[in-house]
Amino acid sequence: MRNSLYSGNNVTLPAPYALTSGQVAQVGSIIGVAQGAAVISADVVLVRQGVFTLTKTAAQAWTLGQNLYWDNATRAVTTTVGTNKMIGAAFAAALAADTVGQVLLDGAIR
């Protein structure tokens, strides 16, 4: 196809805030994990699919396969829907005391 640009699994976008490698970023409805560090507004590659260990909301337990959401205000993965964007699903159970959890990013835009 001549009109295909690229797969979209990794996209280069301006960083919405300063990022370190491995941090989640949300640009509008697009959510991904920064492949490298970037200052605000600099181009950064966001990985939109795969399994990542990410910061989770404290005091929330996760079950395997549970829907997870990105809370851009706290910059943490949460089980709370509210105005948060769906990011994927829990790839492993996590205890409420855990500060990180395994997340399967599905790359969908919702």
Side-chain angles (χ1 to χ4, degrees):
M1 294 179 292
R2 288 189 239 173
N3 61 341
S4 178
L5 300 176
Y6 45 88
S7 73
N9 294 334
N10 298 347
V11 294
T12 302
L13 297 170
Y17 32 78
L19 294 165
T20 59
S21 178
Q23 275 188 304
V24 175
Q26 179 179 339
V27 180
S29 292
I30 301 170
I31 298 174
V33 177
Q35 199 171 53
V39 297
I40 189 168
S41 299
D43 282 350
V44 64
V45 175
L46 297 180
V47 181
R48 300 182 51 244
Q49 291 183 322
V51 178
F52 300 88
T53 299
L54 301 175
T55 302
K56 63 181 274 300
T57 300
Q60 290 184 345
W62 297 354
T63 57
L64 175 63
Q66 182 175 13
N67 286 341
L68 297 173
Y69 304 85
W70 177 246
D71 184 338
N72 205 40
T74 64
R75 298 199 182 136
V77 180
T78 181
T79 59
T80 305
V81 180
T83 59
N84 301 320
K85 299 278 186 193
M86 188 170 189
I87 191 171
F91 195 67
L95 302 174
D98 293 339
T99 58
V100 296
Q102 293 182 18
V103 180
L104 172 62
L105 297 182
D106 62 5
I109 296 179
R110 297 172 178 87

Would you mind reporting whether L54 and V24 have side-chain heavy atoms less than 4.5 Å apart? yes
Any side-chain heavy atom of N9 sitting closer than 4.5 Å to one from V47? no
To the nearest 0.5 Å, atom OG1 of T55 lies from atom CG of D98 at 12.0 Å
If hydrophobic clusters are built by linking Ile, Leu, Val, Met, Phe, Trp and Tyr wherever their side-chain heavy atoms come under 4.5 Å apart, do I40 and V33 end up in the same one? no
Is it the case that atom CZ in F91 sees more than 12 heavy atoms from other parts of the structure closer than 6.0 Å? no
For G65 and A89 the tightest heavy-atom approach is O-CB, 3.8 Å
For the residue pair L19 and P16, what are the closest heavy atoms and their distance? CD1-CD, 4.4 Å
Taking C-beta and beyond as the side chain, do W62 and V77 meet within less than 4.5 Å on heavy atoms? yes
Give a yes or no answer on whether the side chain of Q26 reaches the backbone of G28 with a donor-acceptor pair at less than 3.5 Å. yes
Applying a strict under-4.5 Å side-chain criterion to I, L, V, M, F, W and Y, I'd like to know whether M86 and I109 cluster together. no
Donor-acceptor contact below 3.5 Å, side chain Q49 vs main chain D106: yes
Lys/Arg cation over aromatic Y17: R75, 6.0 Å, 45° cone: yes
According to a 4.5 Å side-chain heavy-atom criterion applied to Ile, Leu, Val, Met, Phe, Trp and Tyr, with indirect links allowed, do L95 and L68 form part of one hydrophobic cluster? no
Is the side chain of K56 donor-acceptor paired with the backbone N or O of T78 at a distance under 3.5 Å, no angle test? no
What verdict does the side chain to side chain contact (heavy atoms under 4.5 Å, CB included) test give for S29 and R110, after you've listed the backbone C-alpha separation in whole Å, the side-chain angles of each residue and the deciding distance to 0.1 Å? CA-CA 7 Å; S29 292; R110 297 172 178 87; over 6 Å; no
Heavy-atom closest pair, residues A25 and L46: CB-CD2, 3.9 Å
Determine, using the 4.5 Å side-chain heavy-atom cutoff (strictly less than), whether L104 and I30 are members of one ILVMFWY cluster. no
Any side-chain to backbone donor/acceptor pair from T80 onto G82? Under 3.5 Å, distance only. no
Give a yes-or-no answer on whether the side chains of Q66 and T79 include a donor-acceptor pair shorter than 3.5 Å. no
Looking at every heavy atom in both I31 and W70, which two are closest together, and how far apart are they? CD1-CB, 3.8 Å
Shortest non-hydrogen pair, A38 vs D43, comes out as CB-O, 4.2 Å
Between T12 and V45 (side chain of the first, backbone of the second, donor and acceptor by atom type, cut-off under 3.5 Å), is there such a pair? no
Minimum heavy-atom separation for G36 to V44, with atom names? O-CG2, 3.6 Å
